[in-house]
Peer 1: 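Provided herewith is a single structure, encoded as structure tokens, for subsequent inquiry.
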Amino acid sequence: MIGREERAAGIARRLDLFYPDARCELDFNTPWQLLAATILSAQCTDVRVNLVTPELFRRWPTPEAMSRADLAEVEEVIHSTGFFRNKARALRDGARMLVADHGGELPRSIEGMIDLPGVGRKTAKVVLGEAFNIPAGIAVDTHVKRLAGRFGLSDETDPDRVAGDLEGLLPKTRWVGFSLRVVLHGRRVCTARKPQCDDCILEGVCLKRNI
DNA sequence: ATCCCGAGGG
DNA sequence: CCCTCTGGAT
């Protein structure tokens, strides 16, 4: 049985080779639009988020515009992404905070981002990493949480604890890419219900495959 | 621990 | 019908 450090390095290396051009698949033009799309992506596929954001960003392209938006109109546009009341309020009230306290720009720290409504550590890490290239941490969503367990890289269930384990196993320079590739692998191969282990490139380094 | 919430797959 | 989708707030 190989140790966690060795397994983490081996998995990261193979994912790098197999998904060389992994990138964020949400559509956006500005950092604030990425934040908005990431808020909408909670418990929702990015494909569906990309279906509603063109209209959302056409009508409210900036925090200034969103800060003055009618809540019911925002709810109507984002309805199909689910949790639409919470998300609409988070978008408008967060935009008001950005305009009032941050000059319409995004905070560049996890603490600043988490102060915004609808923004937790996962969303903060995604936006800081993708928009500003700040490796604030490994974003642990449903995919990263599931695969970290199957890989044998964490025994935790709390996303923040899983993130702590992974961040201790991988160098900071690989954090952003690792998250993107694990999510991609989780969607395409290591799915929640019927994982396609026969088509998986991680044989020999994944704990689940070694059992 | 529970609630928020719609859409698609099996 | 049940599970899952790049979660967050109470």
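Keep in mind that this is a model prediction, so the values were computed, not measured. First the proteins, then the strands, lettered A, B, ... as listed; each starts at 1.
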Peer 1: Just call it for A:V140: base, sugar-phosphate, or nothing, with non-hydrogen atoms closer than 4.0 Å on any strand.
Peer 2: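 Nothing, no heavy atom under 4.0 Å.
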Peer 1: Not counting sequence neighbours, which residues clear side chain to side chain contact (heavy atoms under 4.5 Å, CB included) with A:F28? List them please.
Peer 2: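 Residues passing side chain to side chain contact (heavy atoms under 4.5 Å, CB included) with A:F28: A:C24, A:Q33, A:L34, A:E130.
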Peer 1: Taking the same atom, P, in B:dG10 and in C:dT6, what whole-Å distance lies between them?
Peer 2: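 Between the two P atoms, the distance is 15 Å.
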Peer 1: Rounded to the nearest 0.5 Å, how far apart are CZ of A:R181 and NE2 of A:H185?
Peer 2: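 So the gap between those two atoms works out to 13.0 Å.
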Peer 1: Output one letter per nucleotide in nucleotides 1-10 of chain B: B when a protein non-hydrogen atom lies under 4.0 Å from the base, S when only the sugar-phosphate is that close, - when neither is.
Peer 2: ---BBBSBB-
Peer 1: Check every strand shown and say whether A:I138 touches a base, only sugar-phosphate, or nothing at a heavy-atom separation below 4.0 Å.
Peer 2: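 No contact at all - A:I138 keeps every heavy atom at 4.0 Å or more from the nucleic acid.
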Peer 1: Would A:F84 and A:L71 show up in the same hydrophobic cluster when neighbours are defined by side-chain heavy atoms closer than 4.5 Å?
Peer 2: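 A:F84 does not cluster with A:L71.
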Peer 1: Within the 4.0 Å heavy-atom criterion, would you say A:A192 contacts the bases, only the backbone, or no part of the nucleic acid?
Peer 2: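 Touches sugar-phosphate only.
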Peer 1: With sugar-phosphate meaning primed atoms plus P, OP1 and OP2, does A:R146 contact a base, only sugar-phosphate, or nothing at under 4.0 Å between heavy atoms?
Peer 2: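 Sugar-phosphate only.
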Peer 1: Considering heavy-atom distances to DNA chain C, does A:T142 or A:P117 have its closest nucleotide positioned more toward the 5' end?
Peer 2: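 Residue closer to the 5' terminus by nearest nucleotide: A:T142.
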Peer 1: Thinking salt bridges, do A:R4 and A:D155 make one under a 4.0 Å N-O criterion?
Peer 2: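 The answer is yes: the pair qualifies as a salt bridge.
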Peer 1: Can you list the residues that meet the salt bridge (charged side-chain N to carboxylate O under 4.0 Å, His left out) rule with A:E55, with sequence neighbours excluded?
Peer 2: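 Salt bridge (charged side-chain N to carboxylate O under 4.0 Å, His left out) list for A:E55, sorted by chain: A:R58, A:R59.
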Peer 1: Using 4.0 Å as the upper bound for N to carboxylate O, is an ion pair formed by A:R174 and A:D16?
Peer 2: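 Counted as a salt bridge, because a side-chain N and a carboxylate O are separated by less than 4.0 Å.
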Peer 1: Look up atom SG in A:C206 and atom NZ in A:K208, then write down how far apart they are to the nearest 0.5 Å.
Peer 2: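 Separation between the atoms: 8.5 Å.
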Peer 1: Sequence neighbours left out, what passes side chain to side chain contact (heavy atoms under 4.5 Å, CB included) with A:R188? Give chain and number order.
Peer 2: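 Partners of A:R188 under the side chain to side chain contact (heavy atoms under 4.5 Å, CB included) test: A:Y19, A:E25, A:L184.
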Peer 1: Between which nucleotides of DNA chain C, read 5' to 3', does contact with chain A run, using atoms under 4.0 Å from its heavy atoms?
Peer 2: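 Span of nucleotides near chain A: C:dC3 to C:dA9.
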Peer 1: Can you tell me, in whole Å, how much space there is between the P of C:dT4 and that of B:dC5?
Peer 2: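 It works out to 22 Å between them.
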Peer 1: Look at all strands and tell whether A:S179 reaches a base, only sugar-phosphate, or nothing, counting heavy atoms closer than 4.0 Å.
Peer 2: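 A:S179: no heavy atom of the nucleic acid under 4.0 Å.
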Peer 1: Quick one: label A:L26 by what it contacts on the DNA or RNA (base, sugar-phosphate, nothing), any heavy atom closer than 4.0 Å.
Peer 2: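 Nothing: the residue A:L26, judged by heavy atoms under 4.0 Å, touches no strand.
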Peer 1: What pairs with A:R146 under side chain to side chain contact (heavy atoms under 4.5 Å, CB included), at least two apart in sequence or on another chain?
Peer 2: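 For A:R146, the residues satisfying side chain to side chain contact (heavy atoms under 4.5 Å, CB included) (neighbours in sequence not counted) are A:T142, A:H143, A:R150, A:A192.
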